[in-house]
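Start at 1 with the first residue, then count along the sequence. Please read all numbers here as calculations on a predicted model, not as lab measurements.
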Amino acid sequence: MVLLRLAKSYPFRFGMAYSLFKTSGCDLMVQKVVEKREEIDWRRTTAFGSFGLFYLGGVQYLIYVPIFQRLFPGAAAFTA
């Protein structure tokens with residue numbers, strides 16, 4: 001599967017892209033389904049997408065991956 005290869009080859013970039021699409025998609029769904037808007041607020045969607053890209057995909061990866069590798073050194077071998 002192509003996505004799995006990308007995730008394994010480029011975990012940081014893949015995480016950022018995944019967070020971007022997930023966060024933007026969720027905001028679009030909320031605007032159309034929950035709020036029942038006629039027009040999409042693209043500025044708001046861009047803000048959510050930027051948050052997903054930089055903070056959820058970037059900053060949290062840089063914080064949690066090194067910390068969890070130190071806390072659980074055998075986790076990589078266990079999950080493989």
Non-neighbouring partners of F54 that pass ring-ring contact (aromatic ring centres under 6.0 Å, His included), sequence neighbours left out
none
Which residues satisfy the ring-ring contact (aromatic ring centres under 6.0 Å, His included) test with Y10, sequence neighbours excluded?
none
For Y61, check ring-ring contact (aromatic ring centres under 6.0 Å, His included) against everything at least two apart and list the hits.
F12
Once side-chain hydrogen bond (donor to acceptor under 3.5 Å, both in side chains) is applied, do any residues pair with E39, and if so which ones, sequence neighbours excluded?
none
Under 3.5 Å donor-acceptor, Q31 side chain and K36 backbone:
no
Kindly write out the residues that satisfy side-chain contact (heavy atoms from CB on, under 4.5 Å) with V2, not counting sequence neighbours, or none if the list is empty.
R5, L6
Scan for ring pair (Phe, Tyr, Trp, His ring centres under 6.0 Å) pairs involving residues 13-39, sequence neighbours excluded, and state none if there are none.
none
Treat each ILVMFWY residue as a node, draw an edge where side-chain heavy atoms are under 4.5 Å apart, and state whether F78 and L71 are in one component.
no
Excluding sequence neighbours, so at least two apart, what forms ring-ring contact (aromatic ring centres under 6.0 Å, His included) with F72?
none
Do you reckon L3 sits in the same ILVMFWY cluster as M16, going by side-chain contacts under 4.5 Å, direct or chained?
no
If you take all heavy atoms of G52 and S19, which pair is closest and at what distance?
O-CB, 3.1 Å
Applying side chain to side chain donor-acceptor pair (under 3.5 Å), which residue pairs with at least one partner in residues 47-60 are found, sequence neighbours left out?
none
Which heavy atom of G49 sits nearest to which heavy atom of S24, and what is that distance?
CA-OG, 3.2 Å
Restricting to side-chain hydrogen bond (donor to acceptor under 3.5 Å, both in side chains), what partner residues turn up for R44, sequence neighbours left out?
D27, E35
Shared ILVMFWY cluster between L62 and L20, side chains joined below 4.5 angstrom?
yes
Hey, could you give me the NZ/CG distance between K22 and L56, rounded to the nearest 0.5 Å?
5.5 Å
When rounded to the nearest 0.5 angstrom, what distance separates OG1 in T46 from CZ in F51?
15.0 Å
Connected to W42, directly or through other members, by ILVMFWY side-chain contacts below 4.5 Å are L28, I40
